[in-house]
Every structure is written in C-alpha cells, then in structure tokens.
**Q** 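Here's a structure for you.
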Amino acid sequence: MSSLVESLEHALSPPAMNSDLLKKFKLGTVNQHAGPLIIGVAGGSASGKTSVCKVIEGMMNRSATVVALDSFYHDLTEEQKLNPSAVNYDHPEMFDFDALIEVVQGLRRGEAVQVPVYDYVTSSRVEYTTVPPADIVLIEGIFVLLHEELRDLFDLKIFVDTDSDERLARRIERDIAERGRTVQSVLTQYRQTVKPAHDDFIQPTMRNADVIVPRGVDNKSALDMIVSYLQFVVLQHSGMNSPAVSHAQLPSMNHGYNGHL
Ligand SMILES: Nc1ncnc2c1ncn2[C@@H]1O[C@H](COP(=O)(O)OP(=O)(O)O)[C@@H](O)[C@H]1O
Ligand SMILES: O=c1ccn([C@@H]2O[C@H](COP(=O)(O)O)[C@@H](O)[C@H]2O)c(=O)[nH]1
C-alpha cells in the first residue's frame, strides 16, 4: 500500500492528483457507499472525454458503463425548433440535470436505468435505451463537474485537458463526419457559443477535479494509473482486501491498451 501511495505521489505531479484524494486513498475511504464506483469525466468539447471513458471501460477487469450528459438535453422549445442551428447548446440550462441525477442514483443502487438516446443531426431525443448496472459507472460531459449535486455523487472526478486548437480541429472533423455540419457552421458555432462557454463554465471546473488528464487517450501513463487506482478501490470496496493491501496485490499496470482506440 505505502509503495503505491509513494509511487502515485511521485508520479503525479501537482495538480494532477489533488491532496484530498490522496488522503482518502491513504485512508482507504474513497468509496464509502455501497454499490458501484461513480466517476465523472469532464472537459471541453472534443477534448476526448468519450474516448477516455471507452479506454477505461475496456481496460477494467470489472463491468463498466458510460453515460453521456448529452443524452439529457432538454427538448427544444417550439421556437427553437424553427431554427435549431441558432440554439446555444453550450449553456448549462440546456440540460436536464435532475433526470441525469436520477439515472446516476439508480445505477448507484445497482438498478438498470432508462437513458435517452440523443441525435446530434436533428438535435432531439430519438429513443430510450436500457443501461444495465455495472461495477464502474462513468458519467461524461462538458458540465459534469459544474453541477454541485451531480458532482457530489462522484467517487472520482476527472478533467480531460486538451488544447483548444486541437479540440477545434477535432470538432470540425467530427461534426462534419458525424453530426451533419459544414466547416462554416462549426466555426460559427465555435465562435458564438462553444468557446465562450468553455472559458466561462467548463475550464473553471478543472479545479473541481481530483485528477487532470492532459491530452486524453494519448496520455497512456495517466490512463494506466487511473485504471490501477480504480481496480484497487474496487478490490478494497468489495472486501477482497483490507486497506493495508500491498502494491504486489494490485492488478498489473499492463492492461493491453496500446495507445489506440
Ligand atoms: N487523442 C486523440 N487523437 C486524435 N483524435 C482523437 C483523440 N481523442 C479523441 N479523438 C477524436 O476526436 C473526436 C472527439 O473525441 P471524443 O472522445 O468524442 O471527445 P468528447 O467526448 O470530449 O467530445 C472524435 O472524433 C475522436 O475520435
Ligand atoms: O444538438 C446539439 C447538441 C450538442 N451540440 C454540441 O455538442 C457539444 C458537447 O458534446 P461533446 O461530445 O462534449 O463535444 C457541445 O459543445 C454542443 O455545442 C451540438 O452542436 N448540437
């Protein structure tokens, strides 16, 4: 145990892991509640939140599931429906946080939950899907570290920190390929709402994170450390080990992830 704590302390330079989390980790009190570990993953648009979640999900040797804040956009008003491309999708009031909190609480109780499926092309909820319970629940979205009640449900808070020029480049490619946009529409939306929201609401939530992951999935060391940490906490939580579990009992750092999705 102490060797793991020491290696985490040395490997993660501040502010990568905050001292509160390290303290809880040392005391073995990260996850005090029954049920799965709930992890919030925030970051700017196209920072790599979804990709980071998918990699963590794939590396865990326990069941894991990902729920996106974007599934919880409110329905557009009749007026907004007349011109959906003029809507500001980057304001916290656009989301139904209460519905997301209910879903997180259900998963925390070990229940299957109904989650909306959002269509970015039509900016609407198209159906619902059943998400089964899992040992690890990842909640990703631009504002997941902003909303206090939601934030308080997380056992670990991660912020994916990717340069804004790289995020814009990715957003242009992704939104044209997957979300029915043009270069011009992506640039206009970025200037009018995406960048201001990032500066005003999203970037400041980095201070609420326990762990900051620069460069997203390119940061293989950070993902290895997060997964080892989660395996350890799940083991501790499931009573398979005492808090004095030794480093040697930890799952291997090599989970077969080679840096590619
Ligand atoms: N490290 C990376 N290098 C290159 N492209 C990436 C990287 N991470 C994510 N992407 C791509 O960038 C886009 C946005 O990534 P995604 O994980 O969906 O971000 P977010 O969930 O933060 O919007 C996707 O098309 C994804 O394939
Ligand atoms: O109808 C919509 C809904 C959302 N958006 C944009 O999506 C991003 C958030 O998703 P990420 O996967 O985190 O990028 C947000 O910045 C909205 O601008 C949209 O364009 N249309």
Side-chain angles (χ1 to χ4, degrees), residues 11-18 39-59 66 68-71 73 84-95 118-121 123 138-147 151 156-227 257-261:
L12 297 168
S13 57
M17 181 184 246
N18 79 22
I39 297 141
V41 181
S45 174
S47 58
K49 303 178 292 296
T50 311
S51 307
V52 162
C53 289
K54 281 188 191 155
V55 169
I56 293 176
E57 187 182 17
M59 287 167 79
V66 184
L69 170 68
D70 285 4
S71 301
Y73 270 105
S85 61
V87 171
N88 178 0
Y89 296 97
D90 291 83
H91 195 281
E93 284 180 4
M94 290 299 290
F95 295 91
Y118 189 78
D119 178 10
Y120 294 93
V121 178
S123 295
L138 295 134
I139 310 295
E140 69 85 11
I142 51 178
F143 297 136
V144 300
L145 295 186
L146 179 68
H147 192 282
R151 204 169 64 219
L156 180 69
K157 300 183 273 290
I158 296 174
F159 190 97
V160 181
D161 189 25
T162 301
D163 285 351
S164 53
D165 51 0
E166 177 61 23
R167 290 190 298 98
L168 175 58
R170 287 183 198 170
R171 183 148 169 155
I172 291 169
E173 288 174 350
R174 179 195 64 188
D175 286 10
I176 291 172
E178 298 170 20
R179 298 188 179 180
R181 309 295 161 80
T182 61
V183 175
Q184 195 50 58
S185 74
V186 176
L187 294 177
T188 302
Q189 186 184 14
Y190 186 83
R191 287 191 185 106
Q192 289 181 347
T193 59
V194 178
K195 181 172 166 46
H198 185 82
D199 296 345
D200 293 348
F201 298 118
I202 302 167
Q203 188 67 32
T205 67
M206 191 158 90
R207 73 167 73 98
N208 297 329
D210 298 311
V211 180
I212 296 161
V213 179
R215 306 181 308 283
V217 289
D218 290 343
N219 195 334
K220 189 177 176 310
S221 310
L223 295 186
D224 273 342
M225 280 188 264
I226 288 169
V227 169
Y257 168 58
N258 63 5
H260 297 286
L261 295 177

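Numbering starts at 1 and runs along the sequence shown. Heavy atoms only: backbone and side chains are in, while hydrogens, waters and symmetry mates are out.
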**Q** Decide yes or no on side-chain contact (heavy atoms from CB on, under 4.5 Å) for Ile212 and Met206, but give the supporting numbers first.
**A** CA-CA 7 Å; Ile212 296 161; Met206 191 158 90; 3.7 Å; yes
**Q** Output the distance between atom CG (Asp90) and atom NZ (Lys195), rounded to the nearest 0.5 Å.
**A** 12.5 Å
**Q** Could you give me the CA-CA distance, side-chain angles and deciding distance for Glu140 and Val160, then say whether side-chain contact (heavy atoms from CB on, under 4.5 Å) is met?
**A** CA-CA 10 Å; Glu140 69 85 11; Val160 181; over 6 Å; no
**Q** Rounded to the nearest 0.5 Å, what separation is found between the CG atom of Asp165 and the OG1 atom of Thr162?
**A** 10.5 Å
**Q** Indicate yes or no: at least one non-hydrogen side-chain atom of Arg174 is less than 4.5 angstrom from one of Ser45.
**A** yes
**Q** Counting C-beta onward and ignoring hydrogens, is there a side-chain heavy-atom pair between Leu138 and Lys54 closer than 4.5 Å?
**A** no
**Q** Are Ile176 and Thr182 close enough that some pair of their side-chain heavy atoms sits under 4.5 Å apart?
**A** no
**Q** Between CD1 of Ile39 and CD1 of Ile158, what distance do you get to the nearest 0.5 Å?
**A** 6.0 Å
**Q** Determine, step by step, whether Tyr89 and Ser123 satisfy the side chain to side chain donor-acceptor pair (under 3.5 Å) criterion, reporting the C-alpha distance in whole Å, the side-chain angles of both residues, the deciding distance to 0.1 Å, and the verdict.
**A** CA-CA 9 Å; Tyr89 296 97; Ser123 295; 3.0 Å; yes
**Q** Looking at side-chain heavy atoms only, is the closest gap between Ile56 and Val227 below 4.5 Å?
**A** yes
**Q** Is it the case that the ring center of Phe95 lies less than 6.0 angstrom away from the ring center of His147?
**A** no
**Q** With heavy-atom distances below 4.5 Å as the criterion, would you say the side chains of Asp175 and Tyr120 are in contact?
**A** no
**Q** Are Ile142 and Lys49 side-chain neighbours, meaning at least one heavy-atom pair lies under 4.5 Å?
**A** yes
**Q** Once rounded to the nearest 0.5 Å, what's the spacing between atom NZ of Lys157 and atom CG of Asn208?
**A** 7.5 Å
**Q** Would you please test Leu223 and Val52 for side-chain contact (heavy atoms from CB on, under 4.5 Å) and show each step?
**A** CA-CA 8 Å; Leu223 295 186; Val52 162; 4.0 Å; yes
**Q** Would you find a donor on one side and an acceptor on the other, under 3.5 Å apart, between the side chain of Arg170 and the backbone of Ala46?
**A** yes
**Q** Using a strict 4.0 Å threshold on nitrogen-to-oxygen distance, state whether Asp163 and Arg167 make a salt bridge.
**A** no
**Q** Once you round to the nearest 0.5 Å, how far does CZ of Phe159 lie from OG1 of Thr205?
**A** 5.0 Å
**Q** Decide yes or no for Thr188 and Ser185: does some side-chain heavy atom of the first lie under 4.5 Å from some side-chain heavy atom of the second?
**A** no
**Q** Any side-chain heavy atom of Asp224 sitting closer than 4.5 Å to one from Met59?
**A** yes
